[in-house]
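Sequence lines set the chain letters: A, B, ... in the order given, protein chains first and strands last, and positions in each chain run from 1. These numbers come from the heavy atoms of this one structure, side chains and all, not from hydrogens, waters or symmetry mates.
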Amino acid sequence: MKKLLKKSVDIAIIGAGPGGLGAAIKAREAGAKDVVLIERSEEIGGVLPQCIHNGFGLHYFKEELTGPGYIHNLAKKAEKVGLDVMTHTMVIGLNKEKVLTAATKNSIMEIHAKSIILGMGCRERARGSIRLPGDRPAGVFTAGTAQRLINIEGNLPGRKVVILGSGDIGMIMARRLKLEGAEIVCLLEMMPFIGGLIRNEVQCLRDFNIPVYTSHTITDIIGRERVEGIKFAKIDKDRKPIPGSERKVECDTLLLSVGLIPENELSIMAGVEINPLTGGPLVDENWQTSVPGIFAGGNVVHVHDLADYVTESSEQAALKALQYAEGNVFEGKRKKVIAGHNVRYVVPNGITGNNPVDIYLRVSWPAKNVVISVGEIYKKKFDYVRPSEQIRLSIPGEKLKKLDKDLVVSCEGEEEIFN
Amino acid sequence: MENTECIYDVIIIGAGIAGASVARELSKYELKVALLEKEADVCFGATKGTHSIVHCGIPGNRHTPLRNRGEIIGNLMMEQLCSELDVPFQRIGKMVVAFNEKELGELKKVEEKSRRNGVIDLETITDQARIKRMEPNISDDVIAVLYTKNTAVSSPWGLVIGLCENAVANGVELFVNTCVQKITVDKEQHFTVQTNKGCFKTNYVVNAAGIYADNVAGLIGDDSFIISGTRQQRMIMDKKCKGIVEHLVRYLDKGSPTGDFICPTVYDDLIVGSKVEETEYKGDVATTREGLEEWLVPHCLRLVPILGPSNCIKPFAGFIPKAMGENATGDYWIKPFPKHPRFINMVLGSSGFSASPAMAEYVALEILPYVGLKLREKKDFNPIRKDIPHINEISNKKIAELINKDPRYGRVICRCETVSEGEIVEAIKRGATTRDGIKFRTRAGMGRCQGGFCGPRVLKILSRELNKPLSEITRKGEGSIEAPYKTKDLLNGTKESRQ
Amino acid sequence: MNAKKKVVICLQCPKACAVEVIFDEAGSISEVRNNQCNRGESYARGEIINPARMLTTTIQIDSKDEEHPLLPVQTNKPIKKELLFDCMNELSKVQVKPPVKYFDIIVKDILGSGVDIVSSSEVIL
């Protein structure tokens, strides 16, 4: 017999990473009975089981944990609320009517949900998307792929490594590989500043004397079968290599840590509108996307700096998704929230003015002594802002009561000048 | 394997589009045929780097009658062939654009010449509204197009794999990782082909070794041609660009042998080509910053302004061989070596993919019989081959049926292209031993994350199914191990791994 | 005595001051400057006197389960920075038999440091 199962639920959550898991737990805690949490992988946790480093949990659990430790703690909470996770289950279809199609090990399922929470997280930019030139040998990995190989599968990609990009995973993998006995030839960054958190710059790069070249990029990858070396050069303001600055180094492995992109294939399939600045869905203050009843939380909306905030935002989405499943509709005219000067993006993108709102943003360029303003209703001072750190502004409800126009969020201050 | 006892009728050297096509053609007859491939898998040479366009005979600068015949007849044969072999094929049509009156004049000349050569279903369109209806995203500066209806797209690797599987099913013996080292001829004109895997005796040799065909010919003293060629840099654009163009849209051929084009593929993405250039060494498939940023990106934007470079998921390059020599002028070189006429060179080149069905017939039905091969039809020849079932191409009901038979079809490994473990295991059963072999058979790793997610999982499945440690699994054969050490191998206290 | 200067990037707040510490060969600190607050001074002093880091790594699991060859482990508190590589070598020899519970001690008092290596995950049989 063909197995084509149908099922109706209140809330379906896609992805059991720190976001989806947090959302599912919160929904259960808030009284949701019929929650289904769908995970494509063999285990829960998303990317965290491979993130064996510390630095997780300080905000959410008030203790410093590793990635596996963070998931261990969440799993204990999940156990308490009696949460079932469908692992090995991949959602392959999603539509506006909130019908999911999922492939499992023993069937294809159709799940009809009253509300849906997108929790697919994000993925790494690959070599092709930055059009990195050169040969195409084995030995070029994204940092996260290498992380999985090393920490989960038990295989080292190589022993002499160049890293392109100073995202957090790139820096963490520099330390990880160094500790495992590999040589880190150098780390290259196209921007004039490091892309990840300062803590990682200090504890992963400086601690291990790893040579760092900012304003540099790779101009050629050498090797027919396996990477044998790379060429790199200093770049000018237009990101063009400066003639004469090119040099060659030997290596057997190249890791890429050149950015993360929210993963929204399913969102797009369902007709959810995407914000070109984040790559994630446009959401309102209820974490609701442009499709009523489809909510989103965590890195699927925008890439967070810490897993703690992924869990937190997904929990907020879960409470709203539950209200929606119970028959509440989130209406009201929305005013847009727009990224202004030195603001790379803002989330949420629309607010009704009915509730207090947390606005999340990232700046485009490091700056000191800045004032971040939200329209004319809110201002906050910061000593220092940098693109690697997500900024949260909590706007009290009363400030929003008489909201009558769109809000531009801008960041004015002394922007850093790099030579 | 010591094959000293048996004598093959035909040994084909090289399992690219040329060799695979001839192998499948010969498998229709009562013959003992072996197909030798030096790489770890079929289609690992020049063919994998070709574009997927099936031309229909619009002449370029150096078209010869043979090539013209190949393209026109090949185009007509290809649809049937792809349907027999379960390989995707779509007639999308081609629009060659003119940006000004001078180019329009050129277009008209090309149209006239094409008609004289026997190309059918073509017209020059100067109605800009109609052009926009056909391709809404084409540049407003395009004033005319030469439209050919029959231009199609297919899958070069899909076809080679299909041809090889069908040839093998019909009795051809395929040997991969088998590199020809020496060829000797005895008085009766029997060849002994010596390889790293042993010797093969044969009455006929078809040299379809692609960019290394001159090296193979050299082994029996044929130095009438050398292979040079051009590197062609291209970009694959994300499948979210599907529909931005529906036809093959290309510039007029101006000096570059293929012209620059944007073309939909049978896999829903787009391909942008080509920066064509001579390179320092044969087989160079590196991309360059200049080629990508200063050539492909601006040329692509000029043709279709909304197709920005951020949509690129993979730049790559192919190396297209051409035979050069006293009499070889860079076009197809398909002829017996006069000193030993049972040794036949078969070098295709740019557009060789389009012409391959016709040129395989030409070699199998005209040249080989001309030099003495007797063809007797095989009564039980089965032309039909079924591709691996792909869960992203079939209905949910069909997927459920597959999962019912094998639960591994319900475990998605490649999320970008929705490829299941069942498909990957089936690909290994059909001969894949490397990550690229899996990629070409299933598309796992071909999507927008380029194997970032599925890569380690595919390696693990390969390791399990081939019963080999993961640290020995390669991307594309010898020398391309993906993860050569085990975690801890580089620390004191444990043994050092390979290398 | 020769005075040495070291720049310590302070991790106590987002400003990330580059604090300069002047000290002699015996490690005695004579001056701390460029810090903008007291927390910066004490952080910088700590980095000179006794720099310590959490170590997170993996050890091999002695089991037939090839799906999970490694167990993630961590120090239960920061360990002297200079011991990191010695710890790695020491741990490369260690194998653990399942079952392992979260925070089980894998190596007690590693290299006499007073720091334990504990499991940061669970392995069931």
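How far CG of Leu402(B) is from CD1 of Ile108(A): 9.5 Å, rounded to the nearest 0.5 Å. The line from CG of Asn155(A) to CG of Leu459(B) is 8.0 Å long, rounded to the nearest 0.5 Å. Atom CG of residue Asn396(B) and atom OG of residue Ser107(A) lie 10.5 Å apart, to the nearest 0.5 angstrom. Here the CD1-OG distance, from Ile130(A) to Ser310(B), works out to 13.5 Å after rounding to the nearest 0.5 Å. Of the inter-residue distances, the one linking Thr487(B) atom OG1 with Leu156(A) atom CG reads 4.5 Å to the nearest 0.5 angstrom. In this structure, the separation between OG1 on Thr219(A) and CZ on Arg289(B) is 9.0 Å, given to the nearest 0.5 Å.
With a 4.5 Å cut-off on non-hydrogen atoms, Thr418(B) touches chain A through its side chain but not through its backbone. Using a 4.5 Å cut-off between heavy atoms, Arg415(B) touches chain A through backbone and side chain atoms alike. In this structure, no portion of Arg435(B) lies under 4.5 Å from any heavy atom of chain A. Using a 4.5 Å cut-off between heavy atoms, Ile236(B) makes no contact with chain A at all. If you measure heavy-atom distances from Ile150(A) to chain B, the contacts under 4.5 Å come from both the backbone and the side chain. Both the backbone and the side chain of Arg224(A) have a heavy atom closer than 4.5 Å to some heavy atom of chain B. Phe316(B) touches chain A through backbone and side chain together, each having a heavy atom under 4.5 Å away. Interface residue Ser41(A): only side-chain heavy atoms are found under 4.5 Å from chain B. Contact annotation for Leu132(A): only backbone heavy atoms (N, CA, C, O) come within less than 4.5 Å of a heavy atom of chain B. Using a 4.5 Å cut-off between heavy atoms, Thr104(A) touches chain B through its backbone atoms (N, CA, C, O) alone. Interface remark: Ile313(B) contributes backbone atoms only to the contact with chain A (heavy atom separation under 4.5 Å).
Closest heavy-atom contact between Gly128(A) and Pro315(B): CA-CD, 3.6 Å.
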- prompt: Thr89(A) and Val412(B): side chain to side chain contact (heavy atoms under 4.5 Å, CB included), yes or no, with the steps?
  reply: CA-CA 8 Å; Thr89(A) 304; Val412(B) 175; over 6 Å; no
task: Apply side chain to side chain contact (heavy atoms under 4.5 Å, CB included) to Thr288(B) and Asp220(A), showing your working.
output: CA-CA 7 Å; Thr288(B) 63; Asp220(A) 199 7; over 6 Å; no
message: side chain to side chain contact (heavy atoms under 4.5 Å, CB included) for Met90(A) and Arg411(B)? Distances and angles first, verdict last.
response: CA-CA 7 Å; Met90(A) 170 94 176; Arg411(B) 187 179 172 222; over 6 Å; no
field: Check against salt bridge (charged side-chain N to carboxylate O under 4.0 Å, His left out), Glu153(A) and Arg457(B)
entry: CA-CA 9 Å; Glu153(A) 316 297 354; Arg457(B) 290 161 174 86; 6.0 Å; no
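Put simply, the side chain of Arg127(A) does not reach to within 4.5 Å of the side chain of Lys314(B), judged on heavy atoms.
Residue with the most contacts toward chain A among Lys476(B), Lys460(B), Arg448(B), Gln450(B): Arg448(B) (heavy-atom pairs, distance under 4.5 Å). For the set Gly154(A), Ala103(A), Ala126(A), the entry with the most heavy-atom pairs within less than 4.5 Å of chain B is Gly154(A). Listed options Gly455(B), Gly477(B), Gly283(B), Gly291(B) were ranked by heavy-atom pairs under 4.5 angstrom with chain A; first place goes to Gly283(B). Contact tally against chain B (heavy-atom pairs below 4.5 Å) for Glu263(A), His88(A), Arg131(A): the top residue is Arg131(A). Across Gly452(B), Gly451(B), Cys449(B), Ser420(B), the residue that shares the most heavy-atom pairs under 4.5 angstrom with chain A is Gly452(B).
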N/O donor-acceptor pairs under 3.5 Å from side chains in residues 133-143 of chain A, not counting sequence neighbours:
residue   : atom : partner   : partner atom : Å
Arg136(A) : NH2  : Ala317(B) : O            : 3.3
Thr142(A) : OG1  : Glu124(A) : OE1          : 2.7
Thr142(A) : OG1  : Thr145(A) : N            : 3.4
Thr142(A) : OG1  : Thr145(A) : OG1          : 2.6

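Proximity to chain B among residues 173-185 of chain A is limited to Arg176(A), Leu179(A), Glu180(A), Gly181(A), Ala182(A), judged by heavy-atom separations below 4.5 angstrom.
For Thr265(B), the side chain to side chain donor-acceptor pair (under 3.5 Å) partners are Asp269(B), not counting sequence neighbours. Taking Phe440(B) as the reference, Trp157(B) meet the ring pair (Phe, Tyr, Trp, His ring centres under 6.0 Å) condition, with sequence neighbours excluded.
Enclosure of atom CD in Glu393(B) by more than 12 non-hydrogen atoms of other residues, nucleotides or ligands within 6.0 angstrom is indicated. Atom CD of Glu290(B) has more than 12 neighbouring heavy atoms from other residues, nucleotides or ligands inside a 6.0 Å radius. Residue Glu273(A) qualifies as open at atom CD: its count of foreign heavy atoms under 6.0 Å is 12 or below. Around atom NZ of Lys398(B), no more than 12 heavy atoms belonging to other residues, nucleotides or ligands sit under 6.0 Å away. Residue-environment remark: CZ (Arg464(B)) exceeds the threshold of 12 foreign heavy atoms within 6.0 Å. In the displayed structure, Lys234(A) atom NZ is contacted under 6.0 Å by more than 12 heavy atoms of other residues, nucleotides or ligands.
A salt bridge between Arg475(B) and Glu225(A) is absent, with no side-chain N of the basic residue lying under 4.0 Å from a carboxylate O of the acidic one. Residues Glu482(B) and Arg226(A) are not paired through a salt bridge, judged by the lack of any N-O separation under 4.0 Å between the basic side chain and the carboxylate. A salt bridge is absent between Glu293(B) and Lys240(A); no separation between the charged side-chain nitrogens and carboxylate oxygens falls under 4.0 Å.
By the 6.0 Å and 45° rule, Arg148(A) does not stack over the aromatic ring of Phe453(B).
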